[in-house]
Asks: 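Below you'll find the structure I mean.
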Amino acid sequence: MIGGIEKRLISLAGPLSMEASARAIRQLWPFASFENATIGERYSSFADVPFSEVRELFVYRDARAAHLWDIHGANDETANSMIHLLFDPLPTGGSALITIVFDVESQEMGVIVGAVHSALNDPLLSQPALAEAA
Amino acid sequence: MTTIEEAIQDAGYDWLLRGANSPQRLRETIAAVNEYARQRLGDRAPDLSEGALVQMYARHPGKILAFLQLLGGSLTPAVLLMAFRILQGWEIQSVDISQQRQKDFLMRVVLVASEDLGEENEIYESRRIQDFAIFRHIGIMEIDGRPVFDGLYRLKI
């Protein structure tokens, strides 16, 4: 774990959980950059992130924050400039555990966690629709 | 995997190939949106050819499931392009919809490039009520109590 605070959210969105979470964070961090935390692959654009295949994601506030993390790692300057997202499927049909890791509690982090929670609760992501509806 | 029907079957969306949705009709839809994108966006247009879509699916199946589902609907090329832009990460800045029963329908969506790419906003308009179906696929959330549309998701079937 990178940070000191972990927030765990139950998601019914299954494989869409990571994309929904990342989109919520990006609403607050519009210049966010993304890295597959498992294999260290960085993505030059949001469109390149294979969300349904990523189990752990580093979301940096922006490219500068990613650069500072590369140079300094975790320190006072980089605190709360990167969020570590983890996706763990749960054995019960389609549900998953989303863990949001950051450094210190703050108003911004509170808003981000709330946004992720809201995005994961969108019924579109979890409730079945009729085929005819497509 | 080389054809759109192979990708659709692999995704488990065989129903998209039945009824009015023949593979030929899907190809016509794909060709129409690809041509619309090229005419509208020129060099900035995403490649929406059948080959490119199949390649996208083969590389990361989860990324374009929603778009595959939409190909089986009756959306206009403009709104299909808008859907693809949202998949790419363009964000929905505003949505205006007006409708009067048996009189008219107007939908206007402004998309903004989320990253600092120097892209101008793109405006998508439609007067066809069938295009409203796009909103069945649009994600919703609240940011500190403020409303946001974001994301294009497959319907869970």
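Chain naming here is simple, since letters A, B, ... match the order of the sequence lines and numbering starts at 1 in each. None of these values were measured; they are calculated from a predicted model. Just so you know, these numbers use all the heavy atoms, side chains as well, and skip hydrogens, waters and symmetry mates.
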Asks: Tell me whether B/Leu106 is reachable from B/Ile97 by hopping between hydrophobic residues (I, L, V, M, F, W, Y) whose side-chain heavy atoms are closer than 4.5 Å.
Replies: no
Asks: Quick check on A/Gln127 against chain B: is it the side chain, the backbone, both or neither that has a heavy atom closer than 4.5 Å?
Replies: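 Contact with chain B involves the backbone of A/Gln127 alone.
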Asks: Which of residues 138-147 of chain B get closer than 4.5 angstrom to chain A, counting heavy atoms alone?
Replies: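 Residues B/Ile138, B/Gly139, B/Ile140, B/Met141, B/Glu142, B/Ile143, B/Asp144 are the ones that qualify, each having a heavy atom under 4.5 Å from chain A.
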Asks: Taking a hydrophobic cluster as the set of Ile, Leu, Val, Met, Phe, Trp and Tyr residues connected by side-chain heavy atoms closer than 4.5 Å, whether directly or through intermediates, do B/Leu80 and B/Val95 fall within one such cluster?
Replies: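 B/Leu80 and B/Val95: one cluster.
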Asks: On a heavy-atom basis, which atom in A/Ala47 and which in B/Gln88 lie closest, and how many Å separate them?
Replies: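 That closest heavy-atom pairing would be CB-O, 3.3 Å.
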Asks: Which of the residues A/Pro50, A/Ser52, A/Ser33 is involved in the greatest number of heavy-atom pairs with chain B at under 4.5 angstrom?
Replies: A/Pro50
Asks: Just to be sure I understand the criterion: a residue of residues 49-68 of chain B counts if one of its heavy atoms is under 4.5 Å from a heavy atom of chain A. Which ones qualify?
Replies: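 Counting heavy atoms that sit under 4.5 Å from chain A, the residues of residues 49-68 of chain B involved are B/Arg59, B/His60, B/Pro61, B/Gly62, B/Lys63.
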Asks: Return yes when atom CG of A/Asp76 has more than 12 non-hydrogen atoms of other residues, nucleotides or ligands closer than 6.0 Å, and no otherwise.
Replies: no
Asks: Would A/Leu12 end up clustered with A/Leu90 when hydrophobic side chains under 4.5 Å apart are linked, directly or stepwise?
Replies: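 Per the 4.5 Å side-chain linkage, A/Leu12 and A/Leu90 are not co-clustered.
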Asks: Select one option (side chain, backbone, both, neither) describing which atoms of A/Ile112 are under 4.5 Å from chain B's heavy atoms.
Replies: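 Looking at A/Ile112, nothing touches chain B.
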Asks: Given 3.5 Å as the limit, does a donor-acceptor pair link the side chain of A/Arg26 with the main chain of B/Glu91, or not?
Replies: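 Judged by distance alone, no pair lies under 3.5 Å.
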Asks: Counting only heavy atoms not in A/His67 (residues, nucleotides, ligands), do more than 12 fall under 6.0 Å from its NE2?
Replies: no
Asks: Kindly give the heavy-atom pair with the smallest separation between B/Ile86 and A/Arg23, and that separation in Å.
Replies: O-NH2, 2.9 Å
Asks: Would you give the length of the straight line joining atom CZ of B/Phe135 to atom CG of A/Leu124, rounded to the nearest 0.5 angstrom?
Replies: 13.0 Å
Asks: State whether the number of non-hydrogen atoms from other residues, nucleotides or ligands found under 6.0 Å of A/Tyr43 atom OH is greater than 12.
Replies: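 Yes, because the 6.0 Å sphere around OH of A/Tyr43 holds more than 12 heavy atoms from other groups.
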Asks: Taking all atoms of both residues into account, what is the closest heavy-atom pair of B/Asp150 and A/Gln27, and its distance?
Replies: OD2-NE2, 3.1 Å
Asks: Taking a hydrophobic cluster as the set of Ile, Leu, Val, Met, Phe, Trp and Tyr residues connected by side-chain heavy atoms closer than 4.5 Å, whether directly or through intermediates, do A/Leu97 and A/Val113 fall within one such cluster?
Replies: no
Asks: Looking at B/Arg44, I want to see if its CZ is surrounded by more than 12 non-hydrogen atoms of other residues, nucleotides or ligands under 6.0 Å.
Replies: yes
Asks: Of the backbone (N, CA, C, O) and the side chain (C-beta and beyond), which part of A/Ala63 lies under 4.5 Å from a heavy atom of chain B, both, or neither?
Replies: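 For A/Ala63, there is no contact with chain B at all, as no heavy atom is under 4.5 Å.
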Asks: Hydrophobic clusters here meaning ILVMFWY residues chained together by side-chain heavy-atom distances under 4.5 Å, can you tell me if B/Ile129 and B/Leu75 are in one?
Replies: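 B/Ile129 and B/Leu75: one cluster.
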